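Read through the structure below, which is laid out as structure tokens, and then see the notes.
Note that the structure is predicted; figures quoted are calculated from it, not measured. As the structure lists them, so they are numbered: ligands from 1, and atoms in each ligand from 1. Note: hydrogens, waters and symmetry copies are ignored here, and every other heavy atom, side chains too, is used.
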Amino acid sequence: MKTVYFDNNATTMVAPEVTEAMQPFFTTYWANPSSMHTFGGQVAKYVKTAREQVAAMLHCKPSEIIFTSCGTESDNSAIWSALETQQDKRHIVTTCVEHPAILQTVAMWERKGYRVTRLGVDGKGRLDLDEYKAALTPDTAIVSVMFANNEVGNIYPIQQLAELAKEKGILFHTDAVQAAGKVEINLEKMPVDMLSISGHKLHAPKGIGILYVRKGVRFRPFMRGGHQEAGRRAGTENVPYIVGLGVACDLATKNLSDEITRVSALRDRLEKGITSSVPDTLVNGDTENRLPGTTNIAFRNIEGEAVLLMLNEYGICASSGSACTSGSLEPSHVLHAMNVPFKYAHSSTRFSLCRYNTQEEVDFVIEKVPPLIKQLRELSPFKD
Ligand code: PLP
């Protein structure tokens with residue numbers, strides 16, 4: 001059975017160009033890039049190129065890129081550094097809809113005595129600017145707001161939010177793990193101080209990420225040890241993956257505008273195809289302002305887990321808005337924050353597409369979903 005992979009916000013396929021580019025770094029160029037010998041120096045050149053490729057995608061300086069092991073490490077490091085370098089400030093501002101990499105981190109700092117403001121969202125998952133402005137105080141050490149949400153795809157007004165933080169002299173971090181490679185990010189224009197990316201969301205392997213730290217922003221490393229990454233992140237560089245991430249960023253930079261057009265057209269076709277043929281559906285999130293490949297569709301009165309299992313029977317991979325992996329049918333924290341009605345929230349299903357998806361796959365899903373939902377509704381214990 002063919003797999004139809006519409007779960008690209010969970011992880012993406014490694015691009016063939018990326019796999020190919022990484023190969024020599026397992027077999028031929030395996031030296032330590034910090035070594036003094038020529039062999040080490042040869043490898044270091046490729047790390048430099050990768051750094052330039054990442055910087056080109058973000059419109060920043062290569063020296064502002066720190067390679068890390070993942071998005072989670074980058075998020076943890078950003079908050080850590082902001083608090084460690086400004087020990088007189090004891091307040092963090094974030095949102096209710098962040099990834100656990102931020103939410104669990106700020107909760108840990110809260111247990112250590114920091115004050116945390118978690119901004120709420122409206123029914124479409126949007127922030128309230130007045131609430132945001134009111135949250136910024138002289139005691140605020142850092143604001144961390146995600147660039148795009150992993151569940152519903154909402155894109156947040158980072159330019160505006162960062163400018164407002166800057167006016168007050170507050171550090172601004174954004175978790176751009178879901179946005180990088182999918183939408184334009186221009187750090188020349190946006191006064192963002194720190195930004196996190198994860199390789200596996202943009203067709204590079206799992207286990208590689210970056211933290212961008214703007215030149216001039218004080219930084220204290222989270223990982224201690226050797227002097228790698230200009231003393232900002234200890235640990236021997238994961239050269240093959242760094243090279244892979246560089247190539248993935250390069251591919252994203254070159255194809256971005258075409259991909260935005262093509263992937264959002266596929267997503268819209270899927271969304272329209274499903275919502276026009278299945279009654280009582282709802283699209284979660286800010287449909288005016290979201291990632292090109294993401295749609296989060298709720299089917300009234302059925303369980304998200306059952307939808308996923310049925311889709312799986314046809315080889316269709318999607319994701320649920322309820323925390324079913326933990327054995328609970330509670331809506332996710334994002335849908336909960338959005339106040340999505342319970343009859344919809346627990347059936348919310350995320351389809352996330354990428355450049356490798358095709359119209360044929362979209363049409364296959366459009367054909368399978370309506371009878372599947374009809375069947376589940378007949379069996380469902382939930383009724384109006
Ligand atoms: N931030 C967001 C918005 C994410 O979607 C994810 C992964 O799902 C992460 C952070 C964590 O990234 P990683 O898996 O590389 O640690």
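- With hydrogens left out, the protein atom closest to atom 13 (P) of ligand 1 is G71 N, 3.6 Å, a heavy atom.
- Between E237 and R51, no side-chain nitrogen of the basic residue sits less than 4.0 Å from a carboxylate oxygen of the acidic one, so the salt-bridge criterion is not met.
- Between the S196 side chain and the G71 main chain, no donor and acceptor come within less than 3.5 Å of each other.
- A donor-acceptor pair under 3.5 Å links the side-chain atoms of T85 to the main chain of S81, judged by distance alone.
- When heavy-atom distances to ligand 1 are checked against a 4.0 Å cut-off, H200 comes that close only through its side chain, counted from C-beta outward.
- Looking only at distances, a side-chain donor or acceptor of N8 sits under 3.5 Å from a matching main-chain atom of S352.
- Inter-residue side-chain proximity for V283 and R290 is flagged as met; some heavy-atom pair is nearer than 4.5 Å.
- The protein heavy-atom contact nearest to atom 4 (C) of ligand 1 is H99 CD2, 3.2 Å.
- With hydrogens left out, the protein atom closest to atom 16 (O) of ligand 1 is T72 OG1, 2.5 Å, a heavy atom.
- Ranked by closest heavy atom to atom 3 (C) of ligand 1, the top entry among V97, D175, N149, N9 is D175.
- In this structure, K201 is part of the shell of residues with a heavy atom less than 4.0 angstrom from ligand 1.
- D363 has a carboxylate O that lies under 4.0 Å from a charged side-chain N of R269, or vice versa, which qualifies the two as a salt bridge.
- Close approach of ligand 1 to N150 (heavy-atom distance below 4.0 Å) involves ligand atoms 3 (C), 5 (O).
- Shown here is Q159, whose CD atom has more than 12 heavy atoms of other residues, nucleotides or ligands within 6.0 Å.
- Ranking protein heavy atoms by distance to atom 15 (O) of ligand 1, first place goes to S198 OG, 2.6 Å.
- If you check which protein heavy atom lies closest to atom 5 (O) of ligand 1, you get Q178 NE2, 2.8 Å.
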